[in-house]
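Here is the structure we will look at, set down as structure tokens.
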Amino acid sequence: SIVDLEEGSRRHLSAVMKRMLGSVAMPDDLVEGCLQCLKCVYDQETDFLDAAGEVVEALRNETEQDTNEDIEAIRILRILSVLTIVLEKGSSRLSSNSLFADLSDHIVPAVTHANDLVREAGVTCFGRLGLFTDEATVLSE
């Protein structure tokens, strides 16, 4: 059981999961399982959100120099996939985390993206974000 792991092993498992999730080369069907595993490593949900933020940053930085539109779309889709799962599995307490406010910076542009798949994933993720966000913030964004 992950709960029985000692601290060093937890850190190592967390690092491996974040490295895997932070790569667009990892198959899409492993994302949810890896995020579940990552969530189990942390005692606090806010720590899990911080770890997910690190994954999103790694994905953002992974192919930042690449201008290929297909690779860019895949990268955005992976970010949205991670965020959708985090929002799906999270509790309403997540909305008080400072990183939570930064999520819209990734989600809102995807809603108007030229790629149909990215736009669809953006709308799905935006819907999940709306469940955690107060009305005034949703209307202003």
Side-chain angles (χ1 to χ4, degrees), residues 1-5 7-141:
S1 159
I2 293 176
V3 175
D4 298 331
L5 291 176
E7 186 60 30
S9 298
R10 283 183 187 217
R11 278 195 305 264
H12 179 70
L13 180 60
S14 172
V16 169
M17 290 295 110
K18 287 189 280 188
R19 192 169 46 253
M20 286 175 59
L21 287 163
S23 171
V24 293
M26 186 182 81
D28 290 334
D29 56 344
L30 297 178
V31 173
E32 188 168 1
C34 286
L35 280 169
Q36 265 317 105
C37 183
L38 187 61
K39 185 176 183 181
C40 290
V41 170
Y42 296 102
D43 295 331
Q44 302 292 320
E45 194 171 34
T46 55
D47 294 335
F48 169 63
L49 185 61
D50 291 339
E54 290 176 36
V55 168
V56 169
E57 271 308 303
L59 286 165
R60 242 182 72 189
N61 296 330
E62 183 182 33
T63 57
E64 212 164 56
Q65 296 83 11
D66 201 326
T67 57
N68 184 331
E69 289 180 24
D70 292 337
I71 293 174
E72 176 67 11
I74 291 168
R75 186 178 60 78
I76 294 170
L77 284 169
R78 176 59 58 84
I79 289 170
L80 293 171
S81 176
V82 167
L83 294 178
T84 298
I85 294 167
V86 167
L87 292 169
E88 200 172 87
K89 305 288 183 192
S91 70
S92 59
R93 291 175 297 181
L94 287 178
S95 61
S96 63
N97 189 299
S98 61
L99 182 64
F100 190 80
D102 297 334
L103 297 181
S104 63
D105 293 343
H106 300 287
I107 298 169
V108 173
V111 173
T112 59
H113 198 276
N115 183 299
D116 292 343
L117 289 174
V118 171
R119 201 168 44 250
E120 182 180 337
V123 169
T124 300
C125 197
F126 188 71
R128 300 258 192 284
L129 180 66
L131 296 174
F132 290 94
T133 310
D134 62 54
E135 182 180 355
T137 304
V138 171
L139 291 174
S140 71
E141 292 288 333

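When atom types are taken as modelled, the side chain of Thr84 and the backbone of Leu80 share a donor-acceptor pair closer than 3.5 angstrom. Not one N or O on the side chain of Arg78 forms a donor-acceptor pair closer than 3.5 Å with the backbone of Val31.
For Asp43, the side-chain hydrogen bond (donor to acceptor under 3.5 Å, both in side chains) criterion is met by Arg10, not counting sequence neighbours. In this structure, Arg19 has no salt bridge (charged side-chain N to carboxylate O under 4.0 Å, His left out) partners at least two apart in sequence or on a different chain. Remark: Ser14 pairs with Tyr42 by the side-chain hydrogen bond (donor to acceptor under 3.5 Å, both in side chains) rule, at least two apart or across chains. Annotation: side-chain contact (heavy atoms from CB on, under 4.5 Å) contacts of Glu120 (sequence neighbours excluded): none. For Glu88, the side-chain hydrogen bond (donor to acceptor under 3.5 Å, both in side chains) partners are Arg128, not counting sequence neighbours. For Lys18, the side-chain hydrogen bond (donor to acceptor under 3.5 Å, both in side chains) partners two or more places apart in sequence, or in a different chain, are Glu54.
Here the closest non-hydrogen pair linking Val111 and Phe126 is CG2-CB, 4.1 Å. In plain terms, the two heavy atoms of Ile107 and Cys125 that are nearest each other are CD1-SG, 3.5 Å. For Ala114 against Arg119, the heavy-atom pair with the smallest separation is O-NH1, 3.4 Å. Of all non-hydrogen atoms in Cys37 and Leu13, the two that sit nearest each other are SG-CD2, 3.9 Å.
A 4.5 Å side-chain heavy-atom check between Ile76 and His113 finds at least one atom pair inside the cut-off. In this structure, Val56 and His106 have side chains that are in contact, with non-hydrogen atoms separated by less than 4.5 Å.
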